[in-house]
Amino acid sequence: MDRSRTKVTVPKIVASKDEGRPLVMLTAYDATFARLADSADVDILLVGDSLGMVVQGHNDTLPVTLDEMIYHTRCVSRVTQHAQVILDLPFMSYQESPSQAVAAAGRAIKEGRAHGVKLEGGVSMAESIERIVAAGIPVMGHVGLMPQSVHAIGGFKVQGRDDAARARIMEDARAVERAGAFCLVLEGIPSSLAAEITAAVRIPTIGIGAGVACDGQVLVMHDLLGLDDGFKPRFVKRYAELAAPIRSAFQAYADDVRARAFPTEAQSFGASPLASKKPRAPREADGASDGYGPSDGDDGA
Ligand code: KIV
């Protein structure tokens, strides 16, 4: 992996469309996975309100609060060196008024240390997008299947299957572009419609369940990693099947504890002083080494 690559910026994301360079976006909710995704050359880390489902265990994204989004975004932005970090504004943190939207986006930047925000909605959100952009905050739009409208649309269903709905989504996409968004998520729409929108707007489109013609793709990290073996929607490609090996590791640990096979001498401490410790790795350098740091060597018994 190339650690010398430079920071992904909004102008670079916008330019990627003309350069024909597909954008890679992935959700992230914590420092450990953000570090991994950032070092894997992902362009954009979206702290998605999908965390309501994959982290908090809800059936939809609606209960997530702005404070929770800010907390998770801080965890991600603190360790991200290259990717753009985008905070997904949660339900009812921006729908009331453009002023509310600007205030929420401001908190995303100041407190979450995000580089920009995403919000759902097209024509109806154009004024809010304009106001946020005018405040100097990059906005990523999101049209098509909008999970925060799950009750209005009657479930997580593909949108834009008839002509009227296609026209509405196209109009939403154009409104988001006109309002000044720097890129646009297209979720849960037919590939043909995503291709039309991608050709019609000058900002990059990032698809999820929207086919291959989009200018980039996004997946929820937990789906890509196969962390929920009961969840296999058609639009997800699993690049790993981690649920089973993780469960096996937990089971092996439980078996060891019950059999008193863990810890062994190798994982135990003697009574000798701590002075002989080698220096800690930079990440743990803020406190005295006591053999608990992940890169500390044998404590000696
Ligand atoms: O919340 C989320 O993770 C999202 C992506 C699926 C686009 O909005």
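Reckoned from all heavy atoms, side chains included, excluding hydrogens, waters and symmetry mates. Since the model is a prediction, treat every value here as computed from it, not as a measurement.
Listed for the K17 side chain is a donor-acceptor partner under 3.5 Å among the backbone atoms of I203. The main-chain N or O of M221 is found under 3.5 Å from a side-chain atom of T27 such that the two form a donor-acceptor pair. No side-chain donor-acceptor contact under 3.5 Å links Y94 to the backbone of I129.
Distance OG1/T80 to CD1/I44: 12.5 Å, rounded to 0.5 Å. The CD atom of E171 lies 10.5 Å from the CD1 atom of I197; values are rounded to the nearest 0.5 Å. For the atom pair D60 CG and F91 CZ, the distance stands at 9.0 Å (nearest 0.5 Å). Note that CZ of R74 is 7.5 Å distant from CD of E111, once rounded to the nearest 0.5 Å. Distance CG/L225 to CG/L36: 9.0 Å, rounded to 0.5 Å. Of the inter-residue distances, the one linking L89 atom CG with Q95 atom CD reads 8.5 Å to the nearest 0.5 angstrom.
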Criterion salt bridge (charged side-chain N to carboxylate O under 4.0 Å, His left out) on R107 and D67, from CA distance to verdict: CA-CA 9 Å; R107 288 193 63 200; D67 284 343; 2.7 Å; yes
CA sep, side-chain torsions, deciding dist, call: M69, D88, side chain to side chain contact (heavy atoms under 4.5 Å, CB included): CA-CA 7 Å; M69 292 304 302; D88 200 7; 4.0 Å; yes
Residue pair T264, Q267: steps toward the side chain to side chain donor-acceptor pair (under 3.5 Å) verdict: CA-CA 6 Å; T264 65; Q267 293 103 25; 3.1 Å; yes
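Following chains of ILVMFWY side-chain contacts shorter than 4.5 Å, one can reach M25 starting from L51, so the two form part of one hydrophobic cluster. At a threshold of 4.5 Å between side-chain heavy atoms, the hydrophobic network of Ile, Leu, Val, Met, Phe, Trp and Tyr places V176 and V102 in one connected group. Both F182 and V117 sit in one connected hydrophobic cluster of ILVMFWY residues. Membership requires side-chain heavy atoms under 4.5 Å apart, directly or through other members. Cluster membership check: I109 shares its hydrophobic cluster with L87, using side-chain heavy-atom separations under 4.5 Å among Ile, Leu, Val, Met, Phe, Trp and Tyr. Neither V150 nor I189 shares a network with the other; the hydrophobic side chains, linked directly or stepwise wherever heavy atoms of I, L, V, M, F, W or Y lie under 4.5 Å apart, form separate groups for each.
Here the closest non-hydrogen pair linking V201 and T205 is CG2-CG2, 3.9 Å.
Counting non-hydrogen atoms of other residues, nucleotides and ligands closer than 6.0 Å to CG of D163 gives a total of 12 or fewer. Other residues, nucleotides and ligands contribute only 12 or fewer heavy atoms inside 6.0 Å of the CZ atom of R113. Applying the 6.0 Å contact sphere to CD of Q56 captures more than 12 heavy atoms from other residues, nucleotides or ligands. Around the OH atom of Y71, the shell of radius 6.0 Å holds no more than 12 heavy atoms that belong to other residues, nucleotides or ligands. For F156, the CZ atom is densely surrounded, since the number of other residues' heavy atoms within 6.0 Å is greater than 12.
For Q217, the side-chain contact (heavy atoms from CB on, under 4.5 Å) partners at least two apart in sequence or on another chain are C214.
Ion pairing of E19 with K12 is absent here, as no side-chain N (NZ or NE/NH1/NH2) approaches a carboxylate O to less than 4.0 Å.
Ring orientation note: the planes of Y29 and H72 are nearly perpendicular, at an angle over 60° on the 30°/60° scale.
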